[in-house]
Amino acid sequence: MISLIHPLLFLLPSLTEAASLQPIPRQAPPGIPIPPRQDPWYTAPPDWEYRQPGEVLRIRRAPGNLTSAFNASETFNILYRSTDTNYRPAWAVTTLFIPKSGNHSALLSYQIPYNTPDVNASPSYAFYSTPSTQGLVYTDIVGALSRGWYVNVPDHEGPLASFLCLVQEGHATLDSIRAVKNQFQGWQLSNNTKIALWGYSGGSIASEWAAELQVQYAPELKIDGAALGGLAPNFTAALANVYNGSYFAALIPAALYGLASQHPFVKQYLASELKTTGPYNATTFNSILNLDILSAFNFFANQTMTNYFRSGVEFFSNPTYLDIVARDTNMGTHGVPQMPLFVYKAIQDEITVIADSDAIVERYCTDRVIILYERNTVGGHLAEETNGDARAFEWLAQVLSGTLEQRGCTVRNVSLNVTDSLL
Ligand SMILES: *[C@@H]1O[C@H](CO)[C@@H](O)[C@H](O)[C@H]1NC(C)=O
Ligand SMILES: *[C@@H]1O[C@H](CO)[C@@H](O)[C@H](O)[C@H]1NC(C)=O
Ligand SMILES: *[C@@H]1O[C@H](CO)[C@@H](O)[C@H](O)[C@H]1NC(C)=O
Ligand SMILES: *[C@@H]1O[C@H](CO)[C@@H](O)[C@H](O)[C@H]1NC(C)=O
Ligand SMILES: *[C@@H]1O[C@H](CO)[C@@H](O)[C@H](O)[C@H]1NC(C)=O
Ligand SMILES: *[C@@H]1O[C@H](CO)[C@@H](O)[C@H](O)[C@H]1NC(C)=O
Ligand SMILES: *[C@@H]1O[C@H](CO)[C@@H](O)[C@H](O)[C@H]1NC(C)=O
Ligand SMILES: *[C@@H]1O[C@H](CO)[C@@H](O)[C@H](O)[C@H]1NC(C)=O
Ligand SMILES: *[C@@H]1O[C@H](CO)[C@@H](O)[C@H](O)[C@H]1NC(C)=O
Ligand SMILES: *[C@@H]1O[C@H](CO)[C@@H](O)[C@H](O)[C@H]1NC(C)=O
């Protein structure tokens, strides 16, 4: 039974101290969630740079009423120290959902594909408004909690909503798990708690980067498995696939503003390239800064995004730009995952060709990563999120109960047809 006054508040005096160091200028009225850009809670206390990655800087019960909608007993927001894409101190926020019952044996870190440079679309706040637009994500979280798993959902793009700054997204994901362990170890979670990563599409890139960065950045952290759906191993190729006449054209402004948030060159290059007049102008392009990704897909659908740039399609050939995209988005360049992987992808994926996923899986297999890779003959990128979902759950349940008996590398075609939509 969870008492009214949370044991946390007694067990962790350092926390309340940390929180009291910083006078919060405007306290949210109880129960009212405020968007991150306006909410003073989303700031780090003084001297946060000197804390260790994963150290908790602030914690609160998540405002509003998330517990009933998610079948959780409690929900917390945790603000923690992390490391940005240029390896400088950073911080991020995660939401931890505590199941109504369970034996504290399983923690799922679930990375949501929010894919936007709008910080107000970060999951910790979007939970209050978008169940209708990202339905499956919510079903997954409820499903995990109903199985008795703890569920950690980081705002992995960080406080600048740095979509595609994947070193930072990987760090923020790993540090969110460290923060949860730092906070709950010994009380709710133990050293034996199994930990798994899960993400689809924009969630898979954060999850995969966490998996590949773990060995260098968080060597003490034992992660027991990672389920990666709709993998996008090469964003240079992905952006070339979606810039002209695609439903996913919004990924262009999302990627560029995400990268610009931490790469000064991209910021300056983009500003110099955007046209200021005509129908394809900076004002329209900048709409991305205030859109969640599904609204953005509908807003930019089918456009030729190079129309916004003075140099047209040449925009994508700038060598400095290409170097940054390769360095911060190409998978398999920063380490080799040390945990078993379940990779699932539609053969007809329109954002990133299946060959790119085949290639990274083959490389990791050579590096002796334990992998089950399922290539679905049915459906496209969005359909696979649904088609692969039950298989991912099944695999994660094995990882989190310690019963996974996977060895070596298995690559197979499957035909899973919950929906055969080509999107
Ligand atoms: C939260 O919402 C549910 C219905 O969605 C309601 O039954 C419950 O009383 C609410 N709890 C609080 C604390 O407002
Ligand atoms: C809610 O989660 C608990 C486990 O935490 C589970 O026993 C229960 O069946 C779930 N309720 C629903 C309605 O899914
Ligand atoms: C749990 O792991 C930490 C870090 O490895 C270690 O310091 C601690 O002693 C362990 N706790 C128990 C109860 O084994
Ligand atoms: C990524 O895709 C681009 C564009 O298709 C290609 O030039 C590049 O070689 C690819 N990178 C890797 C590591 O495969
Ligand atoms: C975009 O696609 C259309 C239709 O296929 C084609 O005519 C046009 O040349 C393409 N534009 C660019 C910039 O690639
Ligand atoms: C920018 O483009 C939009 C349509 O995308 C148009 O309505 C607006 O007038 C344009 N603004 C300028 C300054 O040309
Ligand atoms: C984009 O193109 C597709 C296929 O031609 C069409 O079905 C859809 O309605 C278009 N969407 C928009 C927003 O124009
Ligand atoms: C916790 O519960 C899961 C699922 O019910 C079970 O597989 C696992 O063995 C249990 N672990 C412990 C330590 O009791
Ligand atoms: C799997 O699908 C690919 C097409 O992507 C095909 O070339 C290959 O032969 C299939 N493999 C098997 C074992 O059916
Ligand atoms: C998927 O299932 C639907 C409905 O059962 C069926 O109409 C369709 O042909 C199937 N698609 C594929 C590719 O098997």
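In each ligand, atom 1 is the first atom listed, and ligand 1 is the first ligand listed.
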So which bit of T306 gets within less than 4.0 Å of ligand 5, heavy atoms only: side chain, backbone, both or neither? side chain
Amino acids contacting ligand 10, non-hydrogen cut-off under 4.0 Å: N417, D420
In terms of side-chain heavy atoms, does E362 have a donor or acceptor partner in Y373 at a distance below 3.5 Å? no
Any side-chain donor near an acceptor of the partner, T403 and S401, under 3.5 Å: yes
Under 3.5 Å: N/O of T304 near N/O of ligand 5: no
State the atoms of ligand 4, each with its element, that fall below the 4.0 Å cut-off from a heavy-atom position in N234. 1 (C), 2 (O), 3 (C), 8 (C), 10 (C), 11 (N), 12 (C), 14 (O)
Numbering as shown, the atoms of ligand 4 that approach A237 to under 4.0 Å (heavy-atom distance): 2 (O), 5 (O)
Ignoring angles and geometry beyond distance, decide whether T236 reaches within less than 3.5 Å of ligand 4 through its nitrogen or oxygen atoms. no
Check side chain to side chain donor-acceptor pair (under 3.5 Å) between Y243 and all other residues, then give those that pass, not counting sequence neighbours. none
Of V361, V414, D349, I354, the one forming a side-chain contact (heavy atoms from CB on, under 4.5 Å) with R375 is I354
Is it possible for you to check whether R178 lies under 6.0 Å from the centre of the six-membered ring of Y217, through NZ or CZ, and within 45° of that ring's axis? yes
Would you mind listing every side-chain hydrogen bond (donor to acceptor under 3.5 Å, both in side chains) that reaches into residues 149-159, with sequence neighbours excluded? T94-N152, H104-Y150, S109-N152, S124-D155, Y150-Q188, N152-S176, H156-E169
Among Y269, Y321, F315, the one residue meeting ring pair (Phe, Tyr, Trp, His ring centres under 6.0 Å) with F309: F315
Of all residues at least two apart in sequence or in a different chain, which pass the side-chain contact (heavy atoms from CB on, under 4.5 Å) check with P340? I370, W395, L404
